[in-house]
Colleague: 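Below is a structure I'd like to ask you about.
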Amino acid sequence: KSGEMAKLTQLIENEVFRAYATYATIVLGKMMLMSLVTAYFRITRKAFVNPEDTASFGKGESAKKYLRTDPDVERARRGHLNDLENIVPFLGIGLLYALSSPDLYTALLHFRIFAGARITHTFAYLIPLPQPSRGLSWAVGYAVTISMAYKVLKTALYL
């Protein structure tokens, strides 16, 4: 077991892995924040999907009017769903990429561009900014993940 622990310690000392861990934490934190944004809009717009969530607004028919959709809630939900669709692949591919011994500068470039693109995408979704800002920020983040996947396959191709 001490040999396993030494390997973990070496991984934590790896600069590329630490960079990955930093930016993975940033984008995961941003994604978690989207849950709070959605909850905020649900509460302030009084738009709920579950009957039990409306209990504090009355009972029976008076509470049913709060079982509805709201454009702001739906926009936040779609932004959060888009995070799930893009950040989860980044986490897996980014980890494999970090373990494929890339140059630190190149890895930081990938991680920073991805994080910036996802943050920009969130602002573009929530404000909302005019298109093509949201589409471009999505495409940039997606291209970064594809670039890392290509590097991983090129480095460790066992097909």
Side-chain angles (χ1 to χ4, degrees), residues 1-45 47-50 69-159:
K1 291 223 177 208
S2 63
E4 291 175 26
M5 203 51 136
K7 290 176 187 173
L8 282 177
T9 304
Q10 289 171 349
L11 188 58
I12 298 297
E13 291 172 0
N14 179 305
E15 287 182 302
V16 173
F17 181 80
R18 286 198 336 253
Y20 164 77
T22 299
Y23 288 95
T25 302
I26 289 168
V27 294
L28 283 170
K30 189 214 77 62
M31 188 168 70
M32 291 172 64
L33 186 61
M34 290 302 291
S35 295
L36 298 176
V37 169
T38 303
Y40 169 79
F41 281 130
R42 280 203 184 286
I43 292 165
T44 59
R45 306 311 192 259
F48 303 97
V49 292
N50 300 308
T69 60
D70 176 86
D72 294 330
V73 173
E74 292 307 308
R75 181 170 284 279
R77 287 182 68 240
R78 287 191 306 273
H80 191 197
L81 179 60
N82 193 277
D83 275 350
L84 289 167
E85 294 169 349
N86 289 275
I87 291 173
V88 171
F90 166 81
L91 295 173
I93 291 170
L95 177 60
L96 296 172
Y97 174 74
L99 297 175
S100 72
S101 301
D103 172 69
L104 176 62
Y105 174 79
T106 306
L108 279 169
L109 194 62
H110 277 93
F111 302 152
R112 288 174 177 162
I113 290 173
F114 182 85
R118 292 313 304 169
I119 291 167
T120 301
H121 185 271
T122 296
F123 282 116
Y125 231 124
L126 293 178
I127 289 176
L129 296 176
Q131 281 288 34
S133 57
R134 192 179 77 239
L136 286 174
S137 59
W138 170 84
V140 167
Y142 201 79
V144 166
T145 304
I146 295 293
S147 173
M148 290 187 302
Y150 174 77
K151 168 72 164 92
V152 169
L153 289 174
K154 186 176 161 195
T155 301
L157 194 60
Y158 283 108
L159 299 177

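Positions are given from 1 along the sequence.
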Colleague: Considering only heavy atoms from C-beta outward, does the side chain of Arg77 approach that of Phe41 to under 4.5 Å?
Modeller: no

Colleague: Among residues at least two apart in sequence or on other chains, which ones pass salt bridge (charged side-chain N to carboxylate O under 4.0 Å, His left out) with Arg112?
Modeller: none

Colleague: Testing the basics here: between Val37 and Ala76, what is the closest heavy-atom pair and its distance to 0.1 Å?
Modeller: CG1-CB, 4.1 Å

Colleague: Quick check for you: to the nearest 0.5 Å, what is the distance between Ile119 atom CD1 and Leu33 atom CG?
Modeller: 10.0 Å

Colleague: Quick check: closest heavy atoms across Gly79 and Tyr125, and the distance to 0.1 Å?
Modeller: CA-CD1, 3.8 Å

Colleague: Hey, what do you get for OG1 (Thr44) to CG (Asp72), rounding to the nearest 0.5 Å?
Modeller: 7.5 Å

Colleague: Classify the angle between the aromatic ring planes of His110 and Tyr97 as parallel (below 30°), tilted (30 to 60°) or perpendicular (above 60°).
Modeller: tilted

Colleague: Minimum heavy-atom separation for Tyr20 and Leu91, please, with both atom names.
Modeller: OH-O, 2.6 Å

Colleague: Is any side-chain heavy atom of Asn86 less than 4.5 Å from a side-chain heavy atom of Val27?
Modeller: no

Colleague: Which residue in the set Thr145, Ile146, Val144, Val140 passes side-chain contact (heavy atoms from CB on, under 4.5 Å) when paired with Tyr142?
Modeller: Ile146

Colleague: With sequence neighbours left out, write down each residue that passes side chain to side chain contact (heavy atoms under 4.5 Å, CB included) with Thr22, or none if nothing qualifies.
Modeller: Ile26

Colleague: Considering non-hydrogen atoms only, spot the tightest contact between Trp138 and Arg118 and give its length.
Modeller: CD1-NH1, 4.0 Å

Colleague: Quick check: closest heavy atoms across Ser35 and His80, and the distance to 0.1 Å?
Modeller: OG-CE1, 3.1 Å

